[in-house]
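Heavy-atom basis, side chains included; hydrogens, waters and symmetry copies ignored. In this text the structure is predicted, and so the values were computed from the model without any measurement.
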Amino acid sequence: MKLQIVPARQGVVWFQQGVRTFLKQPLAFTGLFFMFMAAVSALSLLPVIGTPIALALLPAATLGLMAATEIAEQGQFPMPQVLLAGFRAGKERLQSMVVLGVLYAVGFILLMGISATVDGGQFARVYLLGGELSPEVVMQGDFQTAALVAMVLYLPLSLLFWHAPALVHWHGISPVKSLFFSAVACLRNFWAFTVFGLVWMAAFLGVATAVAVLVSLLGNVELINVILFPVGLAMAAMFFTSFYFTFRDCFQAPAGDTP
């Protein structure tokens with residue numbers, strides 16, 4: 001497994017590849033992302049154990065969407081079972097994916113615990129348990145600071161897990177090594193990922209603005225949620241579709257290996 005360094009402009013290419021591949025199978029990708037979110041939301045409703053289990057499944061779910069992207073790029077239709085790809089690659093890789101999921105859940109809960117020291121756990125309760133969120137709560141200084149702390153701490157966690165599920169699944173890398181290689185790949189390709197993130201931020205902002213303008217022209221504010229939900233779902237699915245290309249370009253697979 002060889003790390004590849006790509007130019008900053010590759011961030012734009014990843015965006016374009018994700019959008020183009022999504023448009024090959026828009027209903028499939030939107031449906032897969034919806035199933036992924038519905039499953040996570042349903043698990044989160046279970047008392048005590050629901051949220052940790054949902055968090056532990058996120059790396060495998062991300063891998064499933066990456067596997068769907070590989071299938072769609074080959075001109076095939078990704079079926080729902082592709083979301084389980086991380087659990088269907090043999091006992092050893094299944095165990096590695098489970099370990100990766102547990103590490104992610106522990107890391108996420110830990111960073112939320114740190115944010116709880118700022119506002120007494122109010123932000124963590126809202127985020128993890130779906131607590132009450134009102135304008136008054138959002139405007140509280142401690143709540144905003146806790147949200148900022150959580151966001152800053154989530155950045156290194158996301159770098160660790162960005163490529164890790166794919167490295168475990170496709171190349172049999174151990175969980176700990178996959179986290180290390182993932183972080184190194186993201187840091188060595190810092191400018192490409194920065195451009196990638198900025199382009200996606202602009203895309204989400206542009207779409208949200210376009211929806212707001214459309215609703216304003218129609219003169220019906222109630223339409224904003226009706227329009228924004230499916231559009232937001234499609235945009236999120238498109239974003240996850242682009243993950244596969246970041247992985248494929250950052251690592252040179254050994255001959256005969258995939259992807």
Side-chain angles (χ1 to χ4, degrees), residues 1-6 10 14 18 32 36 39-40 43 49-71 73-74 78 81-114 150 152-190 192-194 196-197 239-259:
M1 181 62 57
K2 182 181 178 182
L3 173 65
Q4 298 189 126
I5 309 301
V6 299
Q10 196 65 24
W14 292 336
L32 288 171
F36 152 52
V40 169
L43 284 170
I49 63 171
T51 297
I53 292 176
L55 288 169
L57 288 176
L58 285 176
T62 303
L63 184 276
L65 292 170
M66 292 175 71
T69 305
E70 181 187 30
I71 291 171
E73 196 192 20
Q74 295 170 355
Q81 58 265 31
V82 74
L83 290 176
L84 301 176
F87 302 117
R88 302 170 65 185
K91 183 178 179 180
E92 183 177 346
R93 296 189 184 186
L94 168 60
Q95 291 175 340
S96 294
M97 193 63 69
V98 171
V99 170
L100 206 60
V102 171
L103 291 174
Y104 180 82
V106 170
F108 194 89
I109 292 172
L110 179 61
L111 75 85
M112 281 295 177
I114 295 174
V152 170
L153 291 176
Y154 186 72
L155 180 59
L157 185 69
S158 66
L159 297 183
L160 287 168
F161 284 88
W162 191 277
H163 300 297
L167 288 168
V168 165
H169 176 72
W170 275 304
H171 304 300
I173 307 297
S174 69
V176 174
K177 286 185 178 180
S178 72
L179 296 175
F180 173 76
F181 292 150
S182 176
V184 170
C186 290
L187 292 173
R188 293 293 301 275
N189 288 297
F190 173 81
F193 277 97
T194 299
F196 176 74
F239 174 65
F240 276 93
T241 301
S242 61
F243 277 28
Y244 171 77
F245 301 102
T246 69
F247 170 71
R248 191 180 66 180
D249 288 349
C250 285
F251 294 95
Q252 181 180 344
D257 211 345
T258 57

Using the ring of each side chain (for Trp, its six-membered ring), is F243 parallel, tilted or perpendicular to F239, with breaks at 30° and 60°?
-> perpendicular

Could you tell me which non-hydrogen atom of F245 sits nearest to which non-hydrogen atom of W14, and how far apart they are?
-> O-NE1, 3.3 Å

Please round to the nearest 0.5 Å and tell me the distance separating atom CD of Q95 and atom OG of S174.
-> 13.0 Å

Do the non-hydrogen side-chain atoms of T69 and F240 ever get within less than 4.5 Å of each other?
-> no

Output for pair (L63 CG, M97 CE), nearest 0.5 Å, gives 4.0 Å

Hits for side-chain contact (heavy atoms from CB on, under 4.5 Å) against I71, two or more places apart or cross-chain, chain-then-number order -> Q76, P78, V82

Are side-chain heavy atoms of N189 and L3 found at a separation under 4.5 Å?
-> yes

Interatomic spacing from CD1 in I5 to SG in C250 - rounded to 0.5 Å = 8.0 Å

L100 versus L179: any side-chain heavy-atom pair under 4.5 Å?
-> yes

Test log, rule side-chain contact (heavy atoms from CB on, under 4.5 Å), inputs Q81 and R88 | CA-CA 10 Å; Q81 58 265 31; R88 302 170 65 185; 3.3 Å; yes

Any donor-acceptor pair under 3.5 Å linking the side chain of S182 with the backbone of L159?
-> yes

Min side-chain heavy-atom separation L32-F36 under 4.5 Å | no

In terms of heavy-atom contacts, L103 and F161 come closest through C-CZ, 3.8 Å

Using a cut-off of 6.0 Å, state whether more than 12 heavy atoms not belonging to F87 lie near its atom CZ.
-> yes

Working to the nearest 0.5 Å, report the span between CD of Q10 and CZ of F193.
-> 10.0 Å

Between H171 and F251, does a side-chain contact (heavy atoms from CB on, under 4.5 Å) hold up when you go through it step by step?
-> CA-CA 11 Å; H171 304 300; F251 294 95; 5.7 Å; no

Say you draw a straight line from OG1 of T241 to CD of E70; how long is it, rounded to the nearest 0.5 Å?
-> 13.0 Å

Grab the two heavy atoms, one from S178 and one from L167, that are nearest each other, plus how far apart they are.
-> O-CD1, 3.6 Å

Minimum heavy-atom distance between L43 and A54, given as atom pair plus value | CB-CB, 4.0 Å

Heavy-atom pair with the smallest gap, counting every atom of M66 and A166 = CE-CB, 3.7 Å

Show your reasoning for whether side-chain contact (heavy atoms from CB on, under 4.5 Å) applies to T62 and W162.
-> CA-CA 9 Å; T62 303; W162 191 277; over 6 Å; no

Carefully, step by step, assess Y104 and L55 under the rule side-chain contact (heavy atoms from CB on, under 4.5 Å).
-> CA-CA 7 Å; Y104 180 82; L55 288 169; 4.3 Å; yes

Okay, side chain of D249, backbone of Q4: is any donor-acceptor separation there less than 3.5 Å?
-> no

Aromatic rings H163 and F247: how do their planes relate, parallel, tilted or perpendicular, breaks at 30° and 60°?
-> tilted

Least distance between heavy atoms, A150 atom then L111 atom = O-CD1, 3.8 Å

